[in-house]
Amino acid sequence: MMIPLIDAYLREIIQDRLKFLKNNPQFIEQIFGTLGTKTTLKSFKDFIVNKDIKVLIGFPREPQSLPCYSIMVAGEQETPLGLGDNIDDYEEEWDDEDMSTQYVIDGIDMDSMYRIECWSDNGDLTSYMYTILKYCLLSSRVKMLKDGFKLPKLTGTDLEPVPDYIPVFVYRRALMISFRFENLFFDDDGTMIGEGEYQLPVNADIDDVNVVQSSYNTD
């Protein structure tokens, strides 16, 4: 991937896991462990099966959006690379159908944190949604690692009433996920491989390399 749309990626993960629970509701009680015997959990399981929890990018703008998960960027920062960290990372065989193999590509690592808020008009429902959200992200960790997201880590906050945001009294709770990932980009104005100032032509071989030997002697 080049510069990934992380918020869209997280939305896809959450939607996929919610769809799984909707089709396999027997797993919901297992997620909550010993708390799965509470009477309110049955109502929540029915809610997951019969209702849709929206997954939004950005703040919900109207009461009809509730209940929902709201995905926002909490912060991003470039990670300095060590000497040699970026060597040979992006070498691929030339492919006439793939621009990424024809042009010089550079890259950086970014440390990012995304804040995913659970919004509803009921405190218990928001707390249940928070636990389900945690399941969605934890159960997708292997996928995230395979997709190039390094060092994923979760942190969370307590329940926060939001009485003045919209006409409905809102309860929200946030789960933050942080990770490191690559951002790849075309060098300068699109330098083709083999045409850079310090590059050999694409079809060059060992016979095109002129090695000059020098020595340093002291008397």
Side-chain angles (χ1 to χ4, degrees), residues 4-22 25 27-79 110-141 143-144 149-181:
L5 297 173
I6 306 298
D7 42 13
Y9 178 84
L10 292 173
R11 179 173 62 181
E12 182 179 329
I13 281 178
I14 297 169
Q15 289 175 332
D16 178 73
R17 294 290 83 198
L18 290 176
K19 182 179 180 180
F20 170 80
L21 292 178
K22 185 183 290 288
F27 286 98
I28 296 176
E29 292 184 7
Q30 302 303 317
I31 291 172
F32 289 88
T34 56
L35 296 180
T37 58
K38 286 186 173 291
T39 55
T40 52
L41 182 57
K42 184 182 185 305
S43 299
F44 179 68
K45 184 165 70 172
D46 293 339
F47 179 85
I48 289 287
V49 173
N50 299 313
K51 301 289 185 180
D52 288 326
I53 300 178
K54 299 177 180 64
V55 185
L56 309 176
I57 296 176
F59 282 103
R61 299 180 180 275
E62 53 190 16
Q64 291 84 352
S65 299
L66 303 183
C68 69
Y69 292 116
S70 176
I71 303 172
M72 291 161 284
V73 181
E76 287 190 325
Q77 181 175 339
E78 181 178 348
T79 305
M110 296 284 290
D111 283 331
S112 296
M113 176 177 285
Y114 278 75
R115 178 182 174 98
I116 307 175
E117 295 184 346
C118 315
W119 286 59
S120 84
D121 58 0
N122 181 282
D124 287 340
L125 177 56
T126 298
S127 294
Y128 280 126
M129 289 173 59
Y130 177 87
T131 300
I132 290 296
L133 175 61
K134 192 184 299 185
Y135 156 78
C136 291
L137 297 179
L138 289 175
S139 63
S140 302
R141 178 162 290 189
K143 171 179 170 54
M144 295 178 69
F149 295 92
K150 313 166 191 173
L151 307 174
K153 182 176 69 174
L154 299 180
T155 55
T157 66
D158 200 358
L159 199 65
E160 302 172 349
V162 190
D164 55 353
Y165 187 74
I166 50 181
V168 177
F169 192 94
V170 172
Y171 296 86
R172 70 179 177 187
R173 192 174 181 185
L175 187 66
M176 274 79 74
I177 180 169
S178 59
F179 41 73
R180 181 173 298 177
F181 65 96

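Here, residue 1 is the first one in the sequence, and each next residue gets the next number. Basis for what follows: all heavy atoms, side chains included, without hydrogens, waters or symmetry-related copies.
Listed by chain and number, the residues in a side chain to side chain donor-acceptor pair (under 3.5 Å) with Lys134 amount to none (sequence neighbours excluded). Under the ring-ring contact (aromatic ring centres under 6.0 Å, His included) criterion, Tyr69 pairs with no residue, sequence neighbours left out.
Interatomic distance, Asp111 CG to Lys150 NZ, rounded to the nearest 0.5 Å: 9.5 Å. To the nearest 0.5 Å, the span separating CG on Leu56 from CG on Asp7 amounts to 11.5 Å. Considering CZ of Arg172 and CD of Glu160, their distance stands at 5.0 Å, rounded to 0.5 Å. The OG1 atom of Thr126 sits 8.5 Å away from atom CG of Leu66, with the distance rounded to the nearest 0.5 Å. Of the inter-residue distances, the one linking Met113 atom CE with Lys153 atom NZ reads 6.5 Å to the nearest 0.5 angstrom. Atom CG of Leu10 sits about 5.5 Å away from atom CD1 of Ile71, to the nearest 0.5 Å.
Listed by first and then second residue, the side chain to side chain donor-acceptor pair (under 3.5 Å) pairs involving residues 10-21 are Arg17-Tyr135 (not counting sequence neighbours).
Scanning all heavy atoms of the two residues, the minimum distance from Ile13 to Cys136 falls at CG2-O, 3.9 Å. Nearest heavy-atom pair across Phe181 and Ser112 is CE2-OG, 3.0 Å. Here the shortest heavy-atom pairing between Lys51 and Lys22 reads O-NZ, 2.8 Å. Minimum heavy-atom separation, Ile53 to Leu18: O-CD1, 4.0 Å. Scanning both residues, Arg141 and Leu154, for their nearest heavy atoms gives NH2-CG, 4.2 Å. Minimum interatomic distance between Val49 and Pro25 (heavy atoms only, all atoms of both residues): CG2-CB, 3.6 Å.
Counting only heavy atoms from C-beta outward, the side chains of Leu159 and Tyr130 never approach each other to under 4.5 Å. The closest side-chain heavy-atom distance from Tyr128 to Phe47 is not below 4.5 Å. Residues Phe59 and Glu117 have side chains in contact (heavy-atom distance under 4.5 Å, counting atoms from C-beta outward). Annotation: side chain of Tyr114 is in contact with side chain of Val73 (closest heavy-atom distance under 4.5 Å). Taking the side chain as every heavy atom from C-beta outward, Ile132 and Phe44 approach each other to under 4.5 Å.
Looking at Thr157, its side chain does come within 3.5 Å of a backbone N or O of Ala174 through a donor-acceptor pair.
Using bins of under 30°, 30° to 60° and over 60° for the plane-to-plane angle, the ring pair Phe27/Phe20 lands in the tilted bin.
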